[in-house]
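Structure, as structure tokens:
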4 protein chains.
Amino acid sequence: MSRVAEDRGRTAGARTGGVAPRRRGRPRSAAADSAIVEAVLRLIEDGVPIAELSMERIAREAGVGKATLYRRWSGKSALLLDAMRSLDAPCPPLEGVSVRDDLVRLVEFLHRRGLAKRSSAVLRTVVSHVEAQPELWAEYHETVVRARHEALLGALRRGVATGEIRADRDLDTLAALFVGPMLARALLHEWRQLPEGLAEDVVDTVLEGVRPPAAEPGTGPGTPAH
Amino acid sequence: MSRVAEDRGRTAGARTGGVAPRRRGRPRSAAADSAIVEAVLRLIEDGVPIAELSMERIAREAGVGKATLYRRWSGKSALLLDAMRSLDAPCPPLEGVSVRDDLVRLVEFLHRRGLAKRSSAVLRTVVSHVEAQPELWAEYHETVVRARHEALLGALRRGVATGEIRADRDLDTLAALFVGPMLARALLHEWRQLPEGLAEDVVDTVLEGVRPPAAEPGTGPGTPAH
Amino acid sequence: MSRVAEDRGRTAGARTGGVAPRRRGRPRSAAADSAIVEAVLRLIEDGVPIAELSMERIAREAGVGKATLYRRWSGKSALLLDAMRSLDAPCPPLEGVSVRDDLVRLVEFLHRRGLAKRSSAVLRTVVSHVEAQPELWAEYHETVVRARHEALLGALRRGVATGEIRADRDLDTLAALFVGPMLARALLHEWRQLPEGLAEDVVDTVLEGVRPPAAEPGTGPGTPAH
Amino acid sequence: MSRVAEDRGRTAGARTGGVAPRRRGRPRSAAADSAIVEAVLRLIEDGVPIAELSMERIAREAGVGKATLYRRWSGKSALLLDAMRSLDAPCPPLEGVSVRDDLVRLVEFLHRRGLAKRSSAVLRTVVSHVEAQPELWAEYHETVVRARHEALLGALRRGVATGEIRADRDLDTLAALFVGPMLARALLHEWRQLPEGLAEDVVDTVLEGVRPPAAEPGTGPGTPAH
DNA sequence: AGTTAATCGAGACGGTACGTCTGGTCTTTAT
DNA sequence: ATAAAGACCAGACGTACCGTCTCGATTAACT
């Protein structure tokens, strides 16, 4: 189970594990934790645009004081980011038989994420705050993006090992080819139309390339006349 | 020449061309137009985060009354969007000798756009407002995105015609493979590291595919193993 | 007929009389003059509070450009003041048979002025601008108040001469006793209740005093008991 | 001690007395209350014209957010009215030996109020807003004017009882004779010249009347000679 | 007949205040 | 020590108005 609150303030140290330091005073209400996150998700689900998602409205909707929000999160961006994390499906296992199937599964997963209204909404929020709060982006990258990227890179490396993928390609560039289209779709609100076979299409296209299969040897496809 | 102001209000009809309807009253100041847009670009260039880019500050910086802003644009998003349009370089010609060169040129162009601080900043703003104001996004898509997309599709179609690109691929998916990675980079602030040959890399990878070249010599890349 | 416009600007000199200097260019429209003043009076009559009587609204109502207003008057206060002057009834003649009758007539006149919605509205406006624009008040005093005050003082002096009024009273104080109550009523919106015989009541009270008539017959009122 | 703030919003009910309802949340800052009122008085004292007495300036001067103003008062008029109330001297006791002395004391008090720059400035403001906000005027009348009026009427009734004042006069008219002149002076900025004995003069004139003491019996007052 | 000059309605201009809302903090009482 | 409530300061929001400044068009009187 993922820890929801960023644990701002006194409880911050508790995350580094170790023995419980036995805090004093009234413990934080777990009910408040979930009420807040659920309020955020409910509001987003109801189509409230991000710009109208004020902390005051969230607090009101959750039946919670504003201070309770700021005690847990450093600001709106952090809260939204955290709210999104709470609905994160875990990365699919990827123990597929072929590298191609693994890639399809992964891209499919990114695709479905992008289709979810909530995910793309929060993703846009993160994007719009990247500049002003780089540490926010760093944290998001660390906790959400890296795992996926590593999984993707792992699949690609396996492909290289099995000979399915040629070794002279930069794997980061390659990864960007799989992730980029899905990300762009999610951000730019193009998730309304949902082409079903998109993931397979993307993977196969990248794998096979777009040059026509050489019918007869000698006619090198894609080799321009010059 | 691209028209800068959104022409809110009375002047709105003038855009549809036709004969000059001979408007009454003092005409809008072109000096104000440019002063405003330049103020926006200057502020962005100076690293002012989008959140601090208030209409009041823009007006102050431009030496202009707030009403002058709202007379031209319906709100901050529209203004920023329009400011971005003003720094749009025209699409490169694309009359290259080979389709590959055309694609490289186009992707390179998108890449450079993403590298520009101003472009990516405004792009993020647009993205974060897409949800709340779909008509804003529609307009941006119509006037900026579509032209590029058409150019890209044109190049791809030419490739199909010349046999450089196989005909059984969905061209929209193909286009997303070129555009997506650049867009994602621009949005996610990864434009700090700037790999020089990225555009060529992306194009070649997509064209040639990632499967290893067949063992037999003479068979060009892109020919699938099986 | 009273001259309406304050004749701001070029025509200003024309007021000092002398021969007409024969101005060039298009002459000012008399229609605009009256349209403006009538618009003001109509708005006041319709119950528009002074605070909402903006120059823009007046111009709109009169079907006139704002510049046409400012060409004639220096500002809102001057326009309103002038609008009021236009509905000024002339001071009554005061050639009454008795001084008491003259006073009653004059006080009655002030009373009726106060009862008029328009008069009291503009009076309140003048009052609220007295501090900020003393020259406005000076002008109002000169052209409106002084004549009345002189008429009143004249009546009082005549009373002293005829023996109706004792000579050891300060006439300014005396005048204030007649004018003050009416003015206060007008300003403080107490003109809604309209006691008919108020003017006579005030005059008689001031004339006769409030000490009880002496017990002995023959001794007129005003002779103190002790 | 008079309560300063109008108690807009939640606290409004608290005024009707009863037991303290034990409000929740942070209580309103008494420091802010006084800082605001003192800022208003300071600005007026410094000669800032009412028109430049913006809420924003008051907030700035008081070191207070604008919301703090609007939380307490419904608008500028209400704030100014309340500020004036705070500098209200209590009505003088009026337990004088003679009714004449009481009246002099009261009129003197009104006179001094009118001489105060602050009082008359705010009075003018109230007057100019009477039309647009009658409830404002009603409240002012209720809390400030009525007490004075009652005191005055009381003195007059006592005069009637002691025989110092004749019984056949309307006491309201009589009161207007005392109050009107002072009010008019205060409103019309005539408080710059300050005749010292004015109050005594007014009272004596009203009491004794202005007819000459009857020298010989038979000369009926009010009947002119001719 | 042409020129000149000031007017007209319309509306944009730079400023500034309005009253509301939000962000993030602080201060109450109650738990 | 937290909780909910709500006040606190700061400042942006979009609108309205002020008094000035162009526009093109109109309207005289002077050439």
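Note that the coordinates shown come from a computational prediction; the quantities given were computed from them, not determined experimentally. In the text below, chain A, chain B and the rest are named by the order of the sequence lines, each starting its count at 1.
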For [N], take OP1 and OP2 only and decide whether either is under 4.0 Å from a side-chain N or O of [X].
X: B:Arg28; N: E:dC13; value: no
X: B:Arg26; N: E:dG11; value: no
X: C:Thr68; N: E:dG9; value: yes
X: D:Arg72; N: F:dC8; value: yes
X: A:Tyr70; N: E:dT25; value: no

Exercise. Toward the 5' end of DNA chain E, which comes first, D:Ala67 or B:Ser29, by nearest nucleotide?
Worked result: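 First, find each residue's nearest nucleotide; the 5'-ward one identifies B:Ser29.
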In whole angstrom, what separates [X]'s [atom1] from [N]'s [atom2]?
X: D:Glu52; N: F:dC18; atom1: CD; atom2: C1'; result: 13 Å
X: C:Leu69; N: F:dC18; atom1: CG; atom2: P; result: 10 Å
X: A:Leu79; N: E:dG24; atom1: CG; atom2: P; result: 11 Å
X: D:Lys76; N: E:dT16; atom1: NZ; atom2: P; result: 15 Å
X: D:Arg71; N: E:dC26; atom1: CZ; atom2: P; result: 16 Å
X: B:Ile36; N: E:dA12; atom1: CD1; atom2: P; result: 13 Å
X: C:Arg24; N: F:dT31; atom1: CZ; atom2: C1'; result: 10 Å
X: A:Trp73; N: E:dT25; atom1: CH2; atom2: P; result: 15 Å

[X] to [Y] - nearest heavy-atom pair and separation:
X: D:Ser86; Y: D:Ala83; answer: OG-O, 2.7 Å
X: C:Leu81; Y: C:Tyr140; answer: CD1-CD1, 2.9 Å
X: B:Ala78; Y: B:Leu136; answer: CA-CD1, 3.8 Å

Problem set entry | Residues within residues 56-66 of chain C bordering DNA chain E, heavy-atom distance below 4.0 Å |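 Here the set is C:Gly63, C:Val64, C:Gly65, C:Lys66.
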Exercise. Nearest 0.5 Å, what's the CG-CG distance between C:Leu69 and C:Leu79?
Worked result: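 These two atoms lie 5.5 Å from each other.
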For this session: For B:Ala32, enumerate each residue passing the side-chain contact (heavy atoms from CB on, under 4.5 Å) test, keeping only those at least two apart in sequence or located in another chain.
Result: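 If we apply the side-chain contact (heavy atoms from CB on, under 4.5 Å) test to B:Ala32, skipping adjacent residues, the hits are B:Ser29, B:Val64, B:Thr68, B:Arg72.
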Compile the donor-acceptor pairs under 3.5 Å between side chains in residues 36-56 of chain D and protein atoms, sequence neighbours left out, one pair per line.
residue	atom	partner	partner atom	Å
D:Arg42	NH1	D:Glu61	OE2	2.7
D:Glu45	OE1	D:Arg118	NE	3.3
D:Glu45	OE1	D:Arg118	NH1	3.1
D:Ser54	OG	D:Arg57	N	3.1
D:Glu56	OE2	D:Lys66	NZ	2.8

